[in-house]
There are 2 protein chains.
Amino acid sequence: MSKFAPEKDGAMFSKACEHGIKAIVYIATQSLEGRRVKIGDVVENSGSPEAFTGKILGALTKHNIVNSLTGPYGGFEIAPKRMKEIKVSDIVFAIDGDSVYKGCGLGLSECSNTEPCPVHSKFVKIRNELKKMLETTSIYDLAVGLKSGKTILIR
Amino acid sequence: MSKFAPEKDGAMFSKACEHGIKAIVYIATQSLEGRRVKIGDVVENSGSPEAFTGKILGALTKHNIVNSLTGPYGGFEIAPKRMKEIKVSDIVFAIDGDSVYKGCGLGLSECSNTEPCPVHSKFVKIRNELKKMLETTSIYDLAVGLKSGKTILIR
DNA sequence: TTATTTTAGGACATTTTTATCTTAAATAAG
DNA sequence: CTTATTTAAGATAAAAATGTCCTAAAATAA
């Protein structure tokens with residue numbers, strides 16, 4: 001029935017970001033068991049497109065969120081210590097930028113307490129809760145849930 | 001720095017939805033003073049593109065969120081009584097569909113309590129608060145804020 | 001060194017969203 | 001009835017996001 005943005009599925013993050021989070025969480029589960037994984041393995045277990053995910057992992061590698069090695073026996077890995085430090089917010093920031101923190105609910109270029117858009121005050125409240133959630137959820141947390149079978153990546 | 005979705009500005013709603021909300025709020029302020037407004041007047045005061053906004057208002061007209069009249073002295077208007085009944089959630093629903101209520105944080109086609117994605121539980125909490133906020137904020141509330149000069153539509 | 005494996009990254013293609021253009025339909029006034 | 005004004009809506013265009021393809025670069029091992 002919705003004529004506009006008919007494919008928009010209420011996503012708070014871009015597809016790139018969704019693929020990135022899924023890939024990182026899967027890589028983390030494997031790193032917890034000492035396994036370095038190749039891109040093919042990643043997308044097989046995260047349900048994301050291979051080439052696109054490769055690009056995204058490249059960016060996340062630059063941001064030091066994941067470690068990559070070329071050549072035979074290469075692949076992606078995340079040090080368990082890092083998993084606890086890296087928060088979902090870091091992935092979102094690396095891919096979508098600081099959008100989550102700054103954007104106006106109605107798309108104004110600037111929107112603040114002193115000159116707010118009509119939904120500003122209510123919007124900021126929700127966004128701050130989202131921000132806090134992202135900043136307090138570590139990759140380790142998510143990886144443990146996935147490894148234990150409590151959560152899934154593909155459907 | 002963000003290579004992906006570089007134009008994505010952290011929007012929770014589509015552009016179509018943003019334009020729609022701004023247009024409706026402006027029309028409401030004018031209707032409160034008994035003025036029916038033309039599309040040209042609307043976009044001049046909401047900063048949105050004219051033809052696109054016209055399309056969106058067409059959809060909102062069909063959904064009975066705004067009333068339109070063709071011909072001279074025609075334009076858009078909203079009965080003050082309706083303004084208090086219409087919630088932001090109605091506009092979002094008319095344009096973006098039920099996405100806000102159903103979408104999975106990581107884009108899975110299905111994602112529920114029994115088979116959740118890694119961020120499901122935390123994501124649902126935030127989304128429910130967003131939903132409640134949208135469902136309890138009326139067009140009348142927003143129009144009053146704009147009319148009094150407390151909020152703005154263009155920047 | 002050479003062959004092989006794997007990520008890196010630029011160029012290209014597709015899909016979705018956003019936006020415009022043009023014509024039709026409706027309405028009111030003369 | 002004719003004309004002017006205004007929204008309705010289909011066709012089209014542009015822009016942005018998503019996704020693929022291909023070659024280069026890096027690393028390893030024989």
Side-chain angles (χ1 to χ4, degrees), chain A residues 2-20 22-23 27 35-44 46-63 65-78 95-97 99 106-107, chain B residues 2-20 22-23 27 35-44 46-63 65-78 95-97 99 106-107:
Chain A
S2 57
K3 280 197 60 183
F4 305 97
E7 300 304 310
K8 181 169 168 56
D9 60 332
M12 287 196 183
F13 314 122
S14 65
K15 278 283 171 206
C17 211
E18 291 177 1
H19 296 323
K22 289 198 287 185
I27 293 168
R35 280 196 288 273
R36 183 179 299 161
V37 289
K38 298 191 249 299
I39 185 72
D41 186 17
V42 172
V43 301
E44 211 167 281
S46 65
S48 296
E50 179 160 328
F52 196 25
T53 301
K55 285 270 160 87
I56 294 160
L57 283 175
L60 295 176
T61 298
K62 277 193 188 158
H63 281 260
I65 286 168
V66 62
N67 192 251
S68 76
L69 294 96
T70 56
Y73 299 91
F76 296 92
E77 65 189 6
I78 307 175
I95 299 175
D96 282 353
S99 58
L106 297 184
Chain B
S2 58
K3 279 197 62 183
F4 306 96
E7 301 302 312
K8 182 170 167 58
D9 60 332
M12 285 197 185
F13 315 121
S14 65
K15 277 285 171 204
C17 212
E18 292 177 0
H19 296 323
K22 289 198 287 184
I27 293 168
R35 281 197 288 274
R36 184 180 297 161
V37 290
K38 297 192 249 297
I39 184 75
D41 186 18
V42 172
V43 301
E44 211 166 281
S46 66
S48 296
E50 180 160 327
F52 195 26
T53 301
K55 283 270 160 83
I56 295 160
L57 283 175
L60 295 177
T61 298
K62 278 192 188 157
H63 276 82
I65 286 167
V66 63
N67 192 252
S68 76
L69 294 97
T70 56
Y73 298 88
F76 297 92
E77 65 189 5
I78 306 175
I95 300 175
D96 283 352
S99 59
L106 296 184

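Residue numbers begin at 1 in each chain, while the letters A, B, ... track the order of the sequences. Computed over heavy atoms, backbone and side chain alike; hydrogens, waters and symmetry mates excluded.
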Atom of B/A23, atom of B/V42 and distance for their closest heavy-atom approach:
CB-CG1, 3.7 Å
One should read off an interatomic distance between B/I27 CD1 and B/D41 CG, to the nearest 0.5 angstrom, of 9.5 Å
From B/L106 atom CG to A/K15 atom NZ, the distance as rounded to the nearest 0.5 Å
9.5 Å
Here the distance between atom P of D/dG19 and atom CD of A/E50, to the nearest Å, is 14 Å
Taking the side chain of A/T61 as heavy atoms from C-beta outward, which of C/dA8, C/dG9, D/dA8 is closest to it?
C/dA8
Separation of atom CD in B/E18 from atom P in C/dT18, rounded to whole Å
9 Å
What's the closest nucleotide to the side chain of B/K62 if the choices are D/dA9, D/dT7, C/dT7?
D/dA9
Which is true for B/L57 with a 4.0 Å heavy-atom rule: it touches a base, it touches only sugar-phosphate, or it touches nothing?
nothing
Could you state the atom-to-atom distance from CD1 of A/I56 to P of C/dA8 in whole Å?
13 Å
Taking every non-hydrogen atom, the tightest pair across B/L57 and B/V66:
O-CG1, 4.1 Å
Each nucleotide in nucleotides 22-30 of chain C should get exactly one letter: B, S or -. Can you fill that in based on protein heavy atoms under 4.0 Å?
----BBS--
Which whole-number value in Å describes the distance from B/K15 NZ to C/dT16 C1'?
16 Å
Can you give me every donor-acceptor pair (side chain of residues 68-78 of chain A, partner residue at least two apart or in another chain, under 3.5 Å) with its distance?
| from | atom 1 | to | atom 2 | distance (Å) |
| --- | --- | --- | --- | --- |
| A/E77 | OE1 | A/R36 | NE | 2.9 |
| A/E77 | OE1 | A/R36 | NH2 | 3.3 |

Sorted by chain and residue number, the side-chain contact (heavy atoms from CB on, under 4.5 Å) partners of B/A16 (sequence neighbours excluded) come out as A/F4, B/S14, B/F52, B/I56, B/I95
Check whether the side chain of B/K55 and the base of D/dT7 form a donor-acceptor pair under 3.5 Å.
no
Rounded to whole Å, please give me the gap between NE2 in A/H19 and P in D/dA17.
14 Å
Can you check the B/K38 NZ to D/dT5 P distance for me, whole Å?
10 Å
Using a heavy-atom cut-off of 4.0 Å across all strands, would you classify A/G75 as base, sugar-phosphate, or nothing?
sugar-phosphate
Rounded to whole angstrom units, what separation is found between the CZ atom of B/F52 and the P atom of D/dA9?
16 Å
Give, for atom OG of A/S48 and atom CD of A/E18, the distance between the pair rounded to the nearest 0.5 Å.
8.5 Å
Please report the distance, rounded to the nearest Å, between CZ in A/F13 and P in D/dA17.
17 Å
